[in-house]
Each structure stands twice: as C-alpha cells, then as structure tokens.
Amino acid sequence: MNDSRTIAHYHLPGLFEFYDFYRAFLPLYRAHRAYFYDWCDIASIYGAPADCLWGGGRVGFGEANARDVLALTREYGISARLTFSNSLLSEEHLADAKCNALCRLFEATKTQSGVIVHSDRLLNYLRERYPALYFVSSTTKVLTDFNDLRRELDREEFRYVVPDFRLNHAFDRLKTLTSAQKDKAEFLVNECCSFGCRDRKACYEAVSRRSLGEESDFVCRSPGAREGYRFSRAMENPGFIGAQDIERVYLPMGFSNFKIEGRGLGSALILEFLLHYMTKPEYQLRVREEIYLSNTLDLF
C-alpha cells in the first residue's frame, strides 16, 4: 500500500457548479478504479453556490442543493470545501445568513469539511464559530514572494496553503521547505493566466466586488484572455504541472497536494482534466465514452 506521502491528493473544482457531473463520474471512479492511476486520489471538491456574499476567486453559478452535495461527498469519503475567498469583506458582511447557514451545515458532516479563505477577518470569525471546519489559504492572496509563502505555510490556522502558480517550479527554494511545510503546500496545476500578469490580484478583487453586489470596471489585459480558458494553452504555461511532473518530480520531493482549477468552466473541460491527471491513457476513451453517453449530463 502507498502511504500518504506517495499519493497525489487532488482537490477538484465545482462542488456546487458540477454536482451532476460528479454524480456520474464518482460511481465510475469507484467501480473501475483500475482505470485510474494508483498513485492519486480525490481528497476534496471545492466550490460555492451562486450569490454567496463571501464568495471569491470566480463568480459562483452553482445551483445544486447543499444537502445533496454533502450527501454525495459523504458517500465517497471526500471532503467538501466552501470557496469563501472574498478579499474585501467588512465586519457587517460576517452576519450573512446564507453563508453562515452553509457553514453550520458543512460543520456537521462526518468527513471533515473545509473553507478556502482570503480574509483574515473571515478566518477569525469562522475559527471562533465553526471550530470543526479546517481552513485553506487561498491562491487569491497571490503569494509570489517565497518568503511570504513560507510565513503562510507556518501559520497554524491553515491546513493547506495554495501558492501563486508562478512559484510552482521554484525547485531550488521548494526543496528547502520542511516536511511539515511541504505537507501543507497545495499547488495550482493548470492555471491558464499569463505567467507575467501583473493584474492578478486586481482581477480577484474585481470578483470579490461583484460577489458583494458592487460594480467593477476591471478588464483583463492578459494575452489570450478573450479566447477564454484553453487546456492546450495552460499546458504551455511556464507554471503548468502535468500528471507526469506530479508522479516523477513533486511526489518524490515530498509534495502531495494538487489543486485543479475550473469552477468557471464547463463539465467537458473538467472531464479532460480528470482524464489527464487521473486516468491511465489506455482507459481514457472508456471513461470519456461512459461520461459522454450519460443521458443526465449537459457537458457543454
């Protein structure tokens, strides 16, 4: 048996947004485990319902019922994570009834649930009121300075920390981290944003404003932004981490947590991510056919 340090733990997008997709994929994953690499598993699925005041990172559009979501993740022993990474929250926002109700519900699950946070104000509030939850430091903090990342990894409040993707290949510095720090690092593997983008923090703040119902005039100026997300372009990004990189480089270095982005994309792209990162090449067509032939899914 592989121990935890030799298993890649994936954190997948679309807890609410792609509930129907996971309802089709997870039974396939369980019934045909031989289709998938034995050096990886699904540790969590993250997301947020539409119109969540505390939401951030991406504008949420998930419509799935929260109890249905939790029932599905509980059935498969997968941690559910709420993406509450709004960076602009004030004290008055903490009383939001919808977000507090979600935290109460998620706190009561047998498989421990987590919350992805940016705001320290929200973090302190949640730690006091919902101590059964665990917390993830959001990549929306844009931690591009390695010393800042190291300090974040040392914060006891966080079980995981997601660095900015531009530190993904900083191997000369990553190898200096302690085992405890490596256990907490959760790499964003498939980012499509321009490696040289200087507006990443402003982009996330614009999403936070929209979640609060405020206007934002931010316009993304990254090359290729008008084309939308393309996995082929993400693979050419200097920060990209592929499946072989995970197996051959990151796992041997002692890193075991990997985040796949995609909450704002469609189910068809989520499937392509799972084929690349989890599925043995000789079984990819079988998995694709099983999902595409499902009558319950609209993959586009």
Side-chain angles (χ1 to χ4, degrees), residues 1-2 6-47 58 60-65 68-81 111 187-192 224 227-237 240-248 250-251 256-300:
M1 294 291 290
N2 293 319
T6 61
I7 292 287
H9 305 299
Y10 285 123
H11 305 275
L12 305 181
L15 180 64
F16 292 85
E17 298 88 342
F18 302 120
Y19 166 76
D20 288 334
F21 171 82
Y22 288 117
R23 193 170 56 173
F25 177 80
L26 291 176
L28 175 65
Y29 177 68
R30 173 181 283 178
H32 299 284
R33 192 63 179 85
Y35 291 178
F36 304 92
Y37 297 125
D38 61 2
W39 49 262
C40 65
D41 64 18
I42 300 172
S44 77
I45 306 175
Y46 66 92
R58 298 288 183 271
F61 63 87
E63 300 292 346
N65 179 274
D68 292 340
V69 163
L70 284 175
L72 182 66
T73 54
R74 186 185 302 120
E75 180 180 354
Y76 291 92
I78 295 171
S79 177
R81 290 182 178 180
T111 301
F187 294 98
L188 181 59
V189 297
N190 63 328
E191 179 56 62
C192 195
E227 299 175 1
Y229 186 98
R230 295 192 179 186
F231 195 23
S232 58
R233 192 169 76 236
M235 289 180 171
E236 298 170 353
N237 192 301
F240 180 73
I241 300 176
Q244 290 189 349
D245 300 319
I246 292 171
E247 182 188 16
R248 299 175 183 177
Y250 289 85
L251 286 177
S256 57
N257 287 284
F258 303 91
K259 178 177 183 176
I260 297 175
E261 78 162 19
R263 283 198 300 139
L265 307 177
S267 297
L269 262 176
I270 303 303
L271 175 59
E272 292 304 315
F273 298 153
L274 299 185
L275 291 172
H276 173 80
Y277 285 104
M278 300 187 65
T279 312
K280 297 174 183 177
E282 62 268 31
Y283 293 112
Q284 289 182 3
L285 180 58
R286 293 192 189 186
V287 173
R288 187 180 282 110
E289 287 175 338
E290 288 282 348
I291 298 299
Y292 270 71
L293 292 175
S294 171
N295 294 327
T296 65
L297 288 176
D298 178 4
L299 288 169
F300 300 96

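- Atoms CZ and CG, from Arg230 and Leu265 in turn, are 13.0 Å apart once rounded to the nearest 0.5 Å.
- Remark: Gln244 CD is loosely packed, at most 12 non-hydrogen atoms of other residues, nucleotides or ligands lying under 6.0 Å away.
- Here the closest heavy-atom approach between residue Thr73 and residue Leu70 is recorded as OG1-O, 3.0 Å.
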inquiry  = Quick one, Ile42 with Leu26, criterion side chain to side chain contact (heavy atoms under 4.5 Å, CB included). Give me CA distance, side-chain angles, the key distance, then yes/no.
reply    = CA-CA 10 Å; Ile42 300 172; Leu26 291 176; 3.9 Å; yes
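- The shortest non-hydrogen separation linking Phe18 to Gly262 is CE1-O, 3.4 Å.
- From Leu285, atom CG reaches atom OG1 of Thr279 across 11.5 Å, with rounding to the nearest 0.5 Å.
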inquiry  = Would Leu274 and Phe36 count as a side chain to side chain contact (heavy atoms under 4.5 Å, CB included) here? Give the steps.
reply    = CA-CA 9 Å; Leu274 299 185; Phe36 304 92; over 6 Å; no
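- No side-chain heavy atom of Tyr283 sits under 4.5 Å from any side-chain heavy atom of His32.
- To the nearest 0.5 Å, the span separating CD1 on Ile260 from CE on Met278 amounts to 7.5 Å.
- Ring centroids of Phe231 and His276 are separated by less than 6.0 Å, placing the two rings close together.
- The closest side-chain heavy-atom distance from Tyr76 to Pro27 is below 4.5 Å.
- Ring-plane geometry between Phe25 and Tyr29 is classed as parallel, the angle between the planes falling under 30 degrees on a 0 to 90 degree scale with a further cut at 60.
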key: Derivation of the side chain to side chain contact (heavy atoms under 4.5 Å, CB included) call for Phe240 and Glu191   = CA-CA 7 Å; Phe240 180 73; Glu191 179 56 62; over 6 Å; no
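- Here the closest heavy-atom approach between residue Glu75 and residue Arg30 is recorded as O-NH2, 2.8 Å.
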task = Quick one: do Phe187 and His11 satisfy side chain to side chain contact (heavy atoms under 4.5 Å, CB included)? Show the steps, please.
result = CA-CA 10 Å; Phe187 294 98; His11 305 275; over 6 Å; no
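- Going from atom CG of Asp38 over to atom OG1 of Thr6 covers 9.0 Å, rounded to the nearest 0.5 Å.
- Between Phe258 and Tyr250, the ring-plane angle classifies as perpendicular under the 30° and 60° cut-offs.
- Phe273 and Glu261 make their closest contact through CE1-O, 3.3 Å (heavy atoms, listed as atom of the first residue, atom of the second, distance).
- A donor-acceptor distance shorter than 3.5 angstrom exists from the side chain of Arg33 to the backbone of Tyr37, with no hydrogens or angles considered.
- Residues Asn237 and Asn190 form no side-chain contact, since every pair of their non-hydrogen atoms from C-beta on lies 4.5 Å or further apart.
- For the pair Arg286/Tyr35, a side-chain contact is recorded, criterion being any heavy-atom separation below 4.5 Å from C-beta on.
- The backbone N or O of Tyr277 sits less than 3.5 Å from a side-chain atom of Tyr10, completing a donor-acceptor pair.
- Without hydrogens or angle criteria, Gln284 side chain to Leu275 main chain gives a donor-acceptor distance under 3.5 Å.
- Inter-residue side-chain proximity for Ile241 and Ile246 is flagged as met; some heavy-atom pair is nearer than 4.5 Å.
- Ile7 contributes atom CD1, which lies 6.0 Å from atom CG of Asp41 (distance to the nearest 0.5 angstrom).
- Going from atom CD of Glu63 over to atom OH of Tyr19 covers 14.0 Å, rounded to the nearest 0.5 Å.
- Under the 3.5 Å distance criterion, with hydrogens and angles disregarded, no donor-acceptor pair is assigned to the side chains of His9 and Ser256.
- Within the 4.5 Å cutoff, no side-chain heavy atoms of Leu15 are placed close to those of Tyr22.
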